[in-house]
Number of protein chains: 2
Amino acid sequence: MDAELTPRQTFFNLPPDKQQRVLEAAVQEFSERGYQQASINTIVSRVNIAKGSIYQYFDNKKSLFLFIFHQAISIVRQMLKHVKKESQGEDFFTRVKKSLLAGVEFIDKHPALYRIYLRILFERDSPLREDLLQAIRLFSREYLLSLLEEGQERGEIRKDIDPTLAIFILDAALDRFLQIYALPHLDPALDLKKKEGIEEKIDGIVTLLRHGLASVSGV
Amino acid sequence: MDAELTPRQTFFNLPPDKQQRVLEAAVQEFSERGYQQASINTIVSRVNIAKGSIYQYFDNKKSLFLFIFHQAISIVRQMLKHVKKESQGEDFFTRVKKSLLAGVEFIDKHPALYRIYLRILFERDSPLREDLLQAIRLFSREYLLSLLEEGQERGEIRKDIDPTLAIFILDAALDRFLQIYALPHLDPALDLKKKEGIEEKIDGIVTLLRHGLASVSGV
DNA sequence: CCATAATATGACCACCTGGTCATATTAAAA
DNA sequence: TTTTAATATGACCAGGTGGTCATATTATGG
């Protein structure tokens, strides 16, 4: 338990651009190879520092990884908090749409960070994996739940539905959409490469979630 | 290109129970640690054979992995083919429900195989990863599409919906459901551990997909 | 019983990993 | 300039990997 989970002071004393180069190289490597396969050797050689140096900045591989991951989480939290605030008063499905668009924006800005999330999702050996994932899920579900409840109060959402199930479907669809956006080969049919079509696709999906698939619209 | 993608004859000459022990140990290891991290040393020591022996059975690690993976795919194909045939003539949403139940059954029977699928999903370094995933996706989408089209012909499904989007949502929800079933910690709220509740949960989800979330059911 | 083919074995190889540490270099303080 | 503290360096370590191969063991059939 000696190891710190934050960088050492030495790291923060570095010139900011050097800090950034180190972090960028690490993010790149973790996103490309996952936690276990990521190589400290590769990182230091990419950023052109000696191997020993990175151990002046971080206690070990785990500490470097966790620092990056927590940074990413905090970016996402801020983004969603922002969307929620800005869209206050708007229709539930509009808010869902805007949240999804924010997700797309995040991936555009930080594709490697999103990749790291995807990797940790199914790499059993990432450190603190379960804790990290649960933190994300919990936040995501709380976020959607608050939107949903507001929607129910306004009468936009049926009141008899089980919020757990509704959130399950929303979460699944949103998550998958972003996954496909980041890794298009996952679903060649839903072609999200061309920017213009995306908003229409989102509209279509939200509409389906709204009205359902069935042709007879009764109970 | 010397390497074969199938076991060597020697493997098939083995007593069947030995074949099975080898495969089971390999499945176990790949499911626990993914492709790259899986250790041939661990496999041979678990099945109590010498390291050299496994290279009498398979050309290399990749060949062993692919053999297992293809076996798994073929099991899934058979299961879905069976469900589709057995449920012919039934309502679209009932068929979706039964397909999902078949998925649950598969995970119960072959939990490690399903884990391997989950791992390959986001491990960039699995061999032939993209090919394997595309094969799965294609099959899954074709399967759902054929159900959907039959449903549209019967008038159970609105005819104006974009099949690509509908399948996207269905696929996302089904896939996620199974993921949570296999890895409950992914969604502690949707608690799928107790067997009795599952069918109700599936019913609830299918109903939501059917009628949508909105309270006013117009266009 | 012998000869031949099939199978089993584990020491060994080159390579890579995360991490260490004595030493060299640079910066700051006196 | 001299002293002291901070930082940079890369050879080195123990431990792991996938894969090989000469040799030993077993099975087969004449």
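Within every chain, numbering begins at 1; the chains are lettered A, B, ... in the order of the sequence lines, protein sequences first and strands thereafter.
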**Message:** What's B/Y57 touching, base or sugar-phosphate or nothing? Going by heavy atoms closer than 4.0 Å.
**Reply:**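 The answer is sugar-phosphate, as B/Y57 gets under 4.0 Å only of primed atoms, P, OP1 or OP2.
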
**Prompt:** Contact class for A/K62 vs. all strands (heavy atom < 4.0 Å): base, sugar-phosphate, or nothing?
**Reply:**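 No contact.
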
**Request:** Find which nucleotide of DNA chain C each of B/T10 and A/G52 is nearest to by heavy atoms, and output the residue with the more 5' nucleotide.
**Result:**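 Looking at the nearest nucleotide for each, B/T10 comes out on the 5' side.
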
May I ask you to decide if [Y]'s main-chain N or O and [X]'s side chain share a donor-acceptor pair within less than 3.5 Å?
X: B/E150; Y: B/F92; value: no
X: B/Y117; Y: B/F69; value: no
X: A/H70; Y: A/L66; value: yes

**Message:** With a 4.0 Å limit, can you tell me whether B/S39 has a side-chain N or O closer than that to the phosphate oxygens OP1/OP2 of D/dG16?
**Reply:**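 The answer is no; no side-chain N or O of B/S39 sits under 4.0 Å from OP1 or OP2.
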
Whole angstroms only, please: what is the [atom1]-[atom2] distance between [X] and [N]?
X: B/N41; N: D/dG15; atom1: CG; atom2: C1'; value: 12 Å
X: B/D59; N: D/dG18; atom1: CG; atom2: C1'; value: 13 Å
X: A/Q37; N: D/dG18; atom1: CD; atom2: C1'; value: 13 Å
X: A/K51; N: D/dC12; atom1: NZ; atom2: P; value: 14 Å

**Prompt:** Looking only at heavy atoms, what is the nearest atom pair of B/V47 and B/R21, with distance?
**Reply:**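 Scanning both residues, the minimum pair turns out to be O-NH1, 3.3 Å.
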
**Asked** So where does chain A start and stop touching DNA chain C, 5' to 3', when the test is distance under 4.0 Å to a non-hydrogen atom?
**Response**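 Contact span on the strand: C/dT17 to C/dC21.
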
**Message:** Using a 6.0 Å cut-off, check whether atom NE2 of A/H82 has over 12 heavy atoms from anything other than its own residue.
**Reply:**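 No, not enclosed.
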
**Request:** To the nearest 0.5 Å, tell me how far B/E90 CD sits from B/K84 NZ.
**Result:**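 So the CD of B/E90 and the NZ of B/K84 are separated by 14.5 Å.
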
